[in-house]
There are 2 protein chains.
Amino acid sequence: MRERSASAAGLSEGARTLPTRLPKVRRVTTADAVFHRLYDDILALRMPPGMALQEKKIAEQFGVSRTPVREALLRLSEGGLVDIYPQAGTVVSRIPVSAIPEAVVVRKALEAATVERAARIATDHDVERLDAIIARQKALAALGDTSSFHEEDEAFHEAITQIAGYPGIWTILKTVKVQIDRARRLTLPVLGRMDHVVQEHILIRNAIAKREVEGAHRAMMHHLGAVIPDVEELRTRHPDYFC
Amino acid sequence: MRERSASAAGLSEGARTLPTRLPKVRRVTTADAVFHRLYDDILALRMPPGMALQEKKIAEQFGVSRTPVREALLRLSEGGLVDIYPQAGTVVSRIPVSAIPEAVVVRKALEAATVERAARIATDHDVERLDAIIARQKALAALGDTSSFHEEDEAFHEAITQIAGYPGIWTILKTVKVQIDRARRLTLPVLGRMDHVVQEHILIRNAIAKREVEGAHRAMMHHLGAVIPDVEELRTRHPDYFC
DNA sequence: CGCCGCAAATTGATATACTAGTATGGTCAA
DNA sequence: TTGACCATACTAGTATATCAATTTGCGGCG
């Protein structure tokens, strides 16, 4: 990279009309598609921690060029899902043991602040949204559809951030939740766990509906405290998945 | 993108030896350099909100190809510093007014959890690190070097996250702090503000040194509460910088 | 004045080639 | 046998040229 004194040069020169359009809908690019495919594969452990990846091979498998694959891998590396070693290789990142408790701390801190605000300003319509999600979860739990259940679980927490008016917090929560969820995938499915989750969601919903700020906080903390994976146990069963 | 049944195909086939090496030092790539240059220019308002950017022009100005510039812009867009409109253009993102209070909430929640843990487990050596930073800040405040002062300010907060054992939280804090800092750059420099910051840092340091968890929390909240920019006032003075 | 359509501009994606670090595996010497 | 060393293959990083897809802006037409 050549030296250049002022990188902000040409500030006024071009000064052409800038896109006045607002947000718009970002269309789904090839890079997005590749990203989500890899994201799902990693989260579902179809690509286990430590697995070697290659831009070239992935590009061939997906029938695309290296460019979008590369952009997808870069996004994954920012999210801590892959580790890129320049000029050497790329691997699905092993789960850093220390990251799990840290992720739990972040999640508790942010979900606490969010649910408290939600309990303060929620409208009746907002509560109805939560009810709709809970209803779907009940049905999915009865069917035993764990995958769809998990999607609705995410929807529940996302809805709370939207009610609170903190949509950006959900973005942060998603990234930290990934590490937790990845570890939880390694645990054995507990019988009746989905029913417990639904019950906890109902408690949170009720506290929000009654505008009980402190109660909503407690219900959320209880909910989050129940899902901490036993890292030590996992580490002994899957030693090569952690580092 | 062609359809493909199993994106995780070839899981066992290649199974070649994966980079056994640990972390290593990621060397600084061209894309990294471009990213940091643009990052600094945007944060310093040398590239003001709303300014149009072009991959091609930036590439020419920096003397590099479009590839690394493109990667840098993608990273910036994830951080909310630029908005990319496909097939239309890229602009330095205007500051979303709603993002400021949200960023403050996130920062308070995470810094609270962090400083509390730091106050619990800090060693004498850790406190010395904080003292060293504070000493440098005193000197820089006396010199009136606001730029270097700000760097040490970041170092102070980063050090607390390291003491708490939550390095990942600092990564999150950096991204949310950017929006706040960008808005603060628009405020007039307040006389003696740096001295106030130093005093507040000292209060935080003292609480940590005495292992006063609750006191550390209060000191941090007081510190963070003092730096909330007056969004409304800014919006009237720089209407085209917000949206 | 308003609508339509075309040309220009810009990002998205592809293909290819080359560069520069990195790991591998084998050779050779202690 | 063990250790260091070196040639080689391999991979991500960058460069470049080109085309595709889409939006924007402008000019002309009704």
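Reminder, nothing fancy here: chain letters follow the sequence lines and each chain counts from 1. For clarity, every value in this text was computed on a predicted model and none was experimentally measured.
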- Item | Partner residues of B/E233 under the salt bridge (charged side-chain N to carboxylate O under 4.0 Å, His left out) criterion, sequence neighbours left out | B/R237
- Query: Would B/R94 count as a cation-pi partner of B/Y241, with NZ or CZ less than 6.0 Å from the six-membered ring centre and within 45° of the ring normal?
  - Reply: no
- Note on the structure: note: B/K56, atom NZ; C/dG12, atom P; distance rounded to Å ~ 15 Å
- Note on the structure: Hits for side-chain hydrogen bond (donor to acceptor under 3.5 Å, both in side chains) against A/E128, two or more places apart or cross-chain, chain-then-number order -> none
- Query: Among C/dT11, C/dG12, D/dT16, which nucleotide sits nearest the side chain of B/T90?
  - Reply: C/dT11
- Query: Is it true that B/R136 and B/D145 have a side-chain N and a carboxylate O under 4.0 angstrom from each other?
  - Reply: no
- Task: Kindly state each residue pair satisfying side chain to side chain donor-acceptor pair (under 3.5 Å) with at least one member in residues 96-108 of chain B, sequence neighbours excluded.
- Result: B/R107-B/E111
Any N/O pairs under 3.5 Å between the protein and nucleotides 17-21 of chain C? List them or say none.
from	atom 1	to	atom 2	distance (Å)
C/dG21	N2	A/Q87	O	3.0

- Query: A/D83 CG to C/dA23 P: how many Å, rounded?
  - Reply: 14 Å
- For C/dA13, take OP1 and OP2 only and decide whether either is under 4.0 Å from a side-chain N or O of A/T30. yes
- Query: Got a sec, which residues hit side-chain hydrogen bond (donor to acceptor under 3.5 Å, both in side chains) with B/E154, two or more places apart in sequence or on another chain?
  - Reply: B/K177
- Closest-nucleotide ordering on DNA chain C, the 5'-leading residue of A/P68 and B/L73: B/L73
- Item | Residues forming a side-chain hydrogen bond (donor to acceptor under 3.5 Å, both in side chains) with A/E71, sequence neighbours excluded | B/R70
- Item | B/R70 CZ - D/dA17 C1' separation (whole Å) | 16 Å
- Item | Residue B/T29, side-chain heavy atoms: nucleotide from C/dG12, D/dT14, C/dA13 that is nearest | D/dT14
- Query: Separation of B/Q54 atom CD from C/dA8 atom C1', in whole Å?
  - Reply: 12 Å
- In whole angstrom, what separates B/E60's CD from D/dT16's C1'? 13 Å
- In whole Å, what is the span from the CD atom of B/E55 to the C1' atom of C/dA9? 13 Å
- C/dA15 phosphate, OP1 or OP2: any side-chain N/O from A/S65 under 4.0 angstrom? no
- Nearest-Å distance for atom pair CG/P, residues B/L53 and C/dA9: 18 Å
